[in-house]
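Okay, so here's the structure we're looking at.
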Number of protein chains: 4
Amino acid sequence: MFSKFLNLDKEKQDRIINAAIKEFAEKGYDRASTNEIVKEAGISKGLLFHYFQNKKQLFLFLFDYCYELVTDEFYKKINLKETDFFRRMRHAIMIKADMLGTYPDIFKFIQEVFLEESAEIKIEFDRKKSELTHINMERAYEGIDFSKFRDDVDLTKIIKIINWTFEKMSDEAIQKAKLSPTHEINYQAIQAEAEEYFEVLIKCFYK
Amino acid sequence: MFSKFLNLDKEKQDRIINAAIKEFAEKGYDRASTNEIVKEAGISKGLLFHYFQNKKQLFLFLFDYCYELVTDEFYKKINLKETDFFRRMRHAIMIKADMLGTYPDIFKFIQEVFLEESAEIKIEFDRKKSELTHINMERAYEGIDFSKFRDDVDLTKIIKIINWTFEKMSDEAIQKAKLSPTHEINYQAIQAEAEEYFEVLIKCFYK
Amino acid sequence: MFSKFLNLDKEKQDRIINAAIKEFAEKGYDRASTNEIVKEAGISKGLLFHYFQNKKQLFLFLFDYCYELVTDEFYKKINLKETDFFRRMRHAIMIKADMLGTYPDIFKFIQEVFLEESAEIKIEFDRKKSELTHINMERAYEGIDFSKFRDDVDLTKIIKIINWTFEKMSDEAIQKAKLSPTHEINYQAIQAEAEEYFEVLIKCFYK
Amino acid sequence: MFSKFLNLDKEKQDRIINAAIKEFAEKGYDRASTNEIVKEAGISKGLLFHYFQNKKQLFLFLFDYCYELVTDEFYKKINLKETDFFRRMRHAIMIKADMLGTYPDIFKFIQEVFLEESAEIKIEFDRKKSELTHINMERAYEGIDFSKFRDDVDLTKIIKIINWTFEKMSDEAIQKAKLSPTHEINYQAIQAEAEEYFEVLIKCFYK
DNA sequence: CATGAATGAGCCTTCATTCAT
DNA sequence: CATGAATGAAGGCTCATTCAT
């Protein structure tokens, strides 16, 4: 599919990828301009469409690229030896926060993908997005000691509730950041808040 | 502000409102075309801008319109005499599911508003959206008997977790519907799933 | 032609005239909006077109109105007993400067008329404009003692040169004002400069 | 800035330039339609904005283009060896009259620029225009023998008066032409009139 | 492989003018 | 007289995509 592009020298690939991610992250799918992308990447109009048939394909490629990059990085860092659910989750959250600092554009792009409702894009992405969500946390449960959870209720439901809690918590943090004057996310505050939720969840869901 | 428009005969108002809601719901703010709206509404280009100064104002009006309609309807139906948290919530979910069937475009539009990231719209809407979210459920807690909840953990956190759980559950249902061939939401299945979560939550969060 | 309009009560007439002059003065013929005029005048769209068939007729009416007002005022004030050409001219310049302070919109409007090149307006106004120019100064020569001018050259040419000199001088002053930050015309400086030109012209053109 | 455009083959450049100059000359900045320009030039809508970011930039380019063309041509033809002020000026006027015949649209466009009051254009052009005015004649004074002028009055004022005289004379000629049925300028008549003014000015301003 | 000129439909918005009330 | 809803052509401009070179 994108083999032509992948045969390019890495430096040019990166220039194009970064330019495209930045533009999509900033403006969203519809408003993103291929013109701006080629200008930023320093390549010609035609070339972009030579490698990626059209805007949609480019977006699709970028999504897969980011998906892989983020997931790889995450699993390289996560400690699968830690068997306590909450300690593992705490670590995962810290890793995510860290990556958000290292690859802000990529995260903004991914966030953009999740918010993107552009009709042209929606259907084919919805499956991908739900996959990614599942992986985001659930794949990370390898080796977890689930026996600590109370066993009078359905474990999978508890896990879902916990995940949803932290997803919503981070959504709220992003939302709050958007309303603040600096638009900056206060990671320390999030961490602190997360700890408080950890406490509640442990009390209610552990034996 | 929109007094000119509101003095129109109801039938024409509705034609315009419905056409606009449909277009925005389908395509999102950026891609929605005022051309399509006037064509669907059967009015002239100029008239739309006679009533609503510009696209943004139209969107704003529509948001307020839908907000009011949905909220009014909801509070007319909800039984504030029911003091049990989970029974009240069960009722609220049923009402919402009902309204989703009655006003599908309006709900799609509201959902669109919440996903909307168009730079032109974002800032002024973010506040409105967060207000609406708060109201959506929290205003509905009037008269609730909170003494039933365990008191070894922060009550507000529990409430948040519960709300988030049902929000995410319904998000997932919508998501699932979009991936199905008919795009139809299976309300019965949702109801059943909700009951299962109710059970878990009651067990864990009530005394 | 405009008898319908002239039968209105004076107050309404004035509201309309002032609103229209202001709009045309500010934006020029093309960019001036009849919408703004009716809004400012507090009348309905239809009424404006009831009195003045269309935008062009309104502009024409306004021109005649301003022309008359300015000329009347000027001849009321000018002292025709003064027979010395330059003293008379000095007085005329002072009167004009005065009126510019009293009726800034009207003067801006007249200036606008002179600069207006809008194809729709041009032809029918060119004659009027050249008439007005002639009157502006030349009608004011009644009773002037032209015997003071040297008689080895054509008197009419001298008069033209003198008029042109002061016209261009004031054009330059307006131009200079436009380039300054405050956009304000420095009348004292103009007066002073005029005196210097008077001196030159008297030396060269009087016997 | 306009390098894209300047790399085009000359023939297409000319088609665009001529179409644009003609449209602006005829209708003025505001009323000029980019639609008309592309139609006349036989190019697509997009292409015009590919070369010139927007209408204003196009106008700016055209101004510089005309300015250069006219000035270059003028200084190629003027004889700087002639030291007599009035003989030099007579020559300059003849050259200008000549050029007006060769490039009527360009001159109409330049005249248009000078009359242009469109708010969008005004500020950035006012400086340019005043520069051009200064150059128009004053740069042409190199090597002039000013000792022939009477020295009991300020020389710079005399020069101004002379320039203004010929500027106004030519304005009047253009004005007269516009009122005539054929719209044609009678160069012979202008020449003759100019000679008469020369006589007056020489008598009054030379020693 | 690479360029960037060229396309043209589509975008939102403005506007003078008309006409039923 | 007076209103203001209604019209629809025209405005400047953007954009993904194509194609001759």
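Chain letters run A, B, ... following the sequence lines, proteins first and then strands; every chain starts at 1. As the structure is a prediction and not an experimental result, all values here were calculated from the model.
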**Item:** Residue-phosphate contact under 4.0 Å: D:Lys27 side-chain N/O, F:dG11 OP1/OP2
**Value:**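 No, outside the criterion.
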**Asked** Under 4.0 Å: is that the gap between some side-chain N or O of B:Ser33 and OP1 or OP2 of E:dC12?
**Response**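 The answer is yes; a side-chain N or O of B:Ser33 sits under 4.0 Å from OP1 or OP2.
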Once you round it to whole Å, what is the distance between [atom2] of [N] and [atom1] of [X]?
X: A:Arg31; N: E:dC12; atom1: CZ; atom2: P; result: 10 Å
X: B:Glu11; N: F:dA5; atom1: CD; atom2: P; result: 17 Å
X: D:Glu23; N: F:dA10; atom1: CD; atom2: C1'; result: 13 Å
X: D:Gln53; N: E:dA5; atom1: CD; atom2: P; result: 14 Å
X: C:Asn7; N: F:dC1; atom1: CG; atom2: P; result: 7 Å
X: B:Glu36; N: E:dA9; atom1: CD; atom2: C1'; result: 13 Å
X: B:Phe2; N: F:dG4; atom1: CZ; atom2: C1'; result: 19 Å
X: A:Phe5; N: E:dA2; atom1: CZ; atom2: P; result: 11 Å

**Message:** Working note: B:Asp64 + B:Phe2, criterion side chain to side chain contact (heavy atoms under 4.5 Å, CB included); need CA distance, chi angles, decisive distance, verdict.
**Reply:** CA-CA 11 Å; B:Asp64 287 342; B:Phe2 304 111; 5.7 Å; no
**Request:** Identify the heavy atoms of B:Lys4 and B:His50 that sit nearest to each other, and give their distance.
**Result:**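 Distance-wise, the nearest heavy atoms are NZ-O, 3.4 Å.
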**Request:** Choose from E:dT17, F:dA2, F:dC15 the nucleotide whose nearest atom is closest to any side-chain atom of C:Asn54.
**Result:**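 So the side chain of C:Asn54 is nearest to E:dT17.
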**Asked** Given E:dA2, F:dT14, F:dT18, which nucleotide is nearest the side-chain atoms of D:Phe49?
**Response**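 The nucleotide sitting nearest to the side chain is F:dT14.
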**Message:** For A:Lys55, I'd like to know if atom NZ has over 12 heavy atoms of other residues, nucleotides or ligands within 6.0 Å.
**Reply:**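 Enclosed.
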**Message:** Any N or O donor-acceptor pair under 3.5 Å from the base of F:dT17 to the side chain of A:Lys45?
**Reply:**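 Per atom types, the contact qualifies.
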**Asked** Between D:Leu47 and D:Thr34, which has a closest nucleotide on DNA chain F that is more 5'?
**Response**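 Between the two, 5'-proximity favours D:Thr34.
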**Prompt:** When you match A:Ala32 and B:Ser44 each to their closest nucleotide on DNA chain F, which lands nearer the 5' end?
**Reply:**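 Looking at the nearest nucleotide for each, B:Ser44 comes out on the 5' side.
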**Item:** Heavy-atom side-chain proximity of B:Ile43 to B:Ile16 below 4.5 angstrom
**Value:**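 A side-chain contact under 4.5 Å exists here.
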**Message:** For F:dA20, give the paired nucleotide (Watson-Crick: N1-N3 plus N6-O4 or O6-N4; G-U: N1-O2 and O6-N3; both under 3.5 Å), or none.
**Reply:**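 Pairing partner: E:dT3.
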**Message:** Over all strands shown, is A:Tyr51 touching base, sugar-phosphate only, or nothing at heavy-atom distances under 4.0 angstrom?
**Reply:**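 Sugar-phosphate: the residue A:Tyr51, judged by heavy atoms under 4.0 Å, touches backbone atoms but no base.
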**Request:** Could you tell me whether C:Lys39 contacts a base, only the sugar-phosphate backbone, or nothing, with contacts defined as non-hydrogen atoms closer than 4.0 Å?
**Result:**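 No contact.
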**Pairwise 5' ranking along DNA chain E for D:Gly42 and A:His50, keeping only the more 5' one** =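 Per heavy-atom nearest nucleotide, the more 5' residue is A:His50.
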**5' precedence on DNA chain E between D:Lys4 and C:Asn35 (nearest-nucleotide basis)** =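 This one resolves to D:Lys4.
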**Request:** Please assess C:Phe61 against C:Phe5 for the test ring-ring contact (aromatic ring centres under 6.0 Å, His included), listing each intermediate value before the final yes or no.
**Result:** CA-CA 10 Å; C:Phe61 169 83; C:Phe5 176 72; 5.3 Å; yes
